[in-house]
Amino acid sequence: MLRPGQMPAQRKAAFPPSVDENTRLLILGSLPGDASIRQGEYYAHRGNAFWTLMGDVLGEDLRALPYATRLKRLRARGVGLWDVIESADREGSLDSAIRGAELRDLSLFTACLPLLRAIAFNGRTAALHGRRQIGPQSALALIDLPSSSGAYASMPREKKAQAWRALREWIA
């Protein structure tokens, strides 16, 4: 049964990567939620703390900036964004509702980023799929982060921020 404002299960596709030749840290989510898909922006739902958490990591207020500027600020610091899932059937926005996921070829993609040193997984689903694709023999640092999603409310925001601050080591 659909909740008010919830979209029915349908094939949902992820966004193109936001990376460049200077990407040192790649942050991988699972698959954009409905609010993000509607707006065409990574982490667009107002309850998602991604931009606040990354602002804390970088020491600047990313949430106050226009979306295109946010992406530029990340890339200027060597941070790229992408998702581990290319497309999937999903009712609503929860990762637990993902069915029939078509995964990205992360090994091929990361090989095209010559300065890449670390991959951070935004949440359990991203880590599960991403680690499986990259494999244990990777020379890259693999970092599991608590999900920035507002749906992951069992961890207080300050505890999430503390975990996300580990990314500072990889910021240019």
Side-chain angles (χ1 to χ4, degrees), residues 5-7 10-88 90 92-98 101-106 109-110 112-113 116 118-130 133-134 142-153 157 160-161 163-168 170-172:
Q6 187 177 23
M7 296 171 65
Q10 59 184 349
R11 196 75 184 168
K12 297 177 182 177
F15 303 138
S18 175
V19 296
D20 63 23
E21 66 278 355
N22 297 312
T23 299
R24 294 172 36 88
L25 168 66
L26 180 62
I27 301 174
L28 295 172
S30 55
L31 181 70
D34 289 345
S36 291
I37 292 170
R38 278 191 300 274
Q39 294 181 48
E41 298 180 358
Y42 281 106
Y43 306 106
H45 192 282
R46 68 183 184 287
N48 194 302
F50 177 83
W51 295 109
T52 301
L53 292 167
M54 280 308 297
D56 178 55
V57 169
L58 299 178
E60 56 185 290
D61 186 4
L62 292 176
R63 191 173 282 285
L65 300 173
Y67 178 70
T69 305
R70 293 177 195 177
L71 293 179
K72 286 179 187 174
R73 293 300 307 138
L74 289 181
R75 286 192 308 269
R77 302 291 292 275
V79 179
L81 297 179
W82 211 29
D83 291 300
V84 298
I85 298 172
E86 173 70 34
S87 65
R90 184 181 64 204
S93 296
L94 297 178
D95 283 356
S96 59
I98 291 173
E102 179 185 334
L103 301 178
R104 309 260 192 185
D105 186 341
L106 294 179
F109 179 73
T110 58
C112 297
L113 298 172
L116 188 65
I119 296 176
F121 301 105
N122 185 356
R124 186 178 312 156
T125 300
L128 174 73
H129 292 299
Q133 291 180 65
I134 293 166
L142 303 179
I143 306 156
D144 293 355
L145 296 170
S147 175
S148 63
S149 172
Y152 181 54
R157 186 160 300 178
K160 286 183 185 184
W164 279 68
R165 286 182 196 121
L167 299 180
R168 288 179 176 163
W170 306 103
I171 302 297

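Being a predicted model, the structure only gives us computed values, none of them experimental. If you read the sequence from its start, that first residue is 1, and numbering goes on from there. Just so you know, these numbers use all the heavy atoms, side chains as well, and skip hydrogens, waters and symmetry mates.
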Practice problem: Mind running side chain to side chain contact (heavy atoms under 4.5 Å, CB included) on Asn122 and Ser147 for me, showing each step along the way? | Solution: CA-CA 5 Å; Asn122 185 356; Ser147 175; 4.1 Å; yes
Quiz item: So Asn22 and Arg75, side chain to side chain contact (heavy atoms under 4.5 Å, CB included) or not? Walk me through it.
Solution: CA-CA 8 Å; Asn22 297 312; Arg75 286 192 308 269; over 6 Å; no
Quiz item: Can you check side chain to side chain contact (heavy atoms under 4.5 Å, CB included) on Glu60 and Arg77, steps first, answer last?
Solution: CA-CA 12 Å; Glu60 56 185 290; Arg77 302 291 292 275; 3.5 Å; yes
Quiz item: Asp34 and His45: side chain to side chain contact (heavy atoms under 4.5 Å, CB included), yes or no, with the steps?
Solution: CA-CA 8 Å; Asp34 289 345; His45 192 282; over 6 Å; no
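When side chains are defined from C-beta on, Arg168 does not count as touching Leu25, because their heavy atoms never get closer than 4.5 Å. Using a 4.5 Å cut-off on side-chain heavy atoms (C-beta onward), Phe50 and Leu62 make no contact. The side-chain heavy atoms of Thr23 and Val79, taken from C-beta on, include no pair separated by under 4.5 Å. Under the 4.5 Å side-chain criterion, counting only non-hydrogen atoms from C-beta, Arg70 is in contact with Trp51. Here the side chains of Leu28 and Phe109 are not in contact, with every heavy-atom distance at 4.5 Å or above. When side chains are defined from C-beta on, Leu26 counts as touching Trp82, because their heavy atoms get closer than 4.5 Å. Residues Leu145 and Leu167 have side chains in contact (heavy-atom distance under 4.5 Å, counting atoms from C-beta outward).
The CG atom of Leu113 sits 8.5 Å away from atom CG of Asp20, with the distance rounded to the nearest 0.5 Å. Note that CG of Leu53 is 11.0 Å distant from CG of Leu58, once rounded to the nearest 0.5 Å. Atoms CZ and NE2, from Phe121 and His129 in turn, are 11.5 Å apart once rounded to the nearest 0.5 Å. Thr110 contributes atom OG1, which lies 6.0 Å from atom CD1 of Ile134 (distance to the nearest 0.5 angstrom). How far CH2 of Trp170 is from CD1 of Ile27: 13.0 Å, rounded to the nearest 0.5 Å. In this structure, the separation between CZ on Arg90 and CZ on Arg11 is 11.0 Å, given to the nearest 0.5 Å.
Residues Leu106 and Gly130 approach most closely at CD1-CA, 3.8 Å, considering heavy atoms. Ser36 and Tyr42 get closest at one heavy-atom pair: OG-C, 4.0 Å. The nearest pair of heavy atoms linking Ala127 to Asp144 is CB-OD1, 3.6 Å. Heavy-atom minimum distance, Gln133 versus Leu103: NE2-CB, 3.7 Å. Residue Ala88 comes nearest to Ile98 through the heavy atom pair CB-CG2, 3.6 Å, listed as atom of the first residue, atom of the second, then distance. What you find for Ala14 and Arg104 is that their closest heavy atoms are CB-NH2, 2.8 Å.
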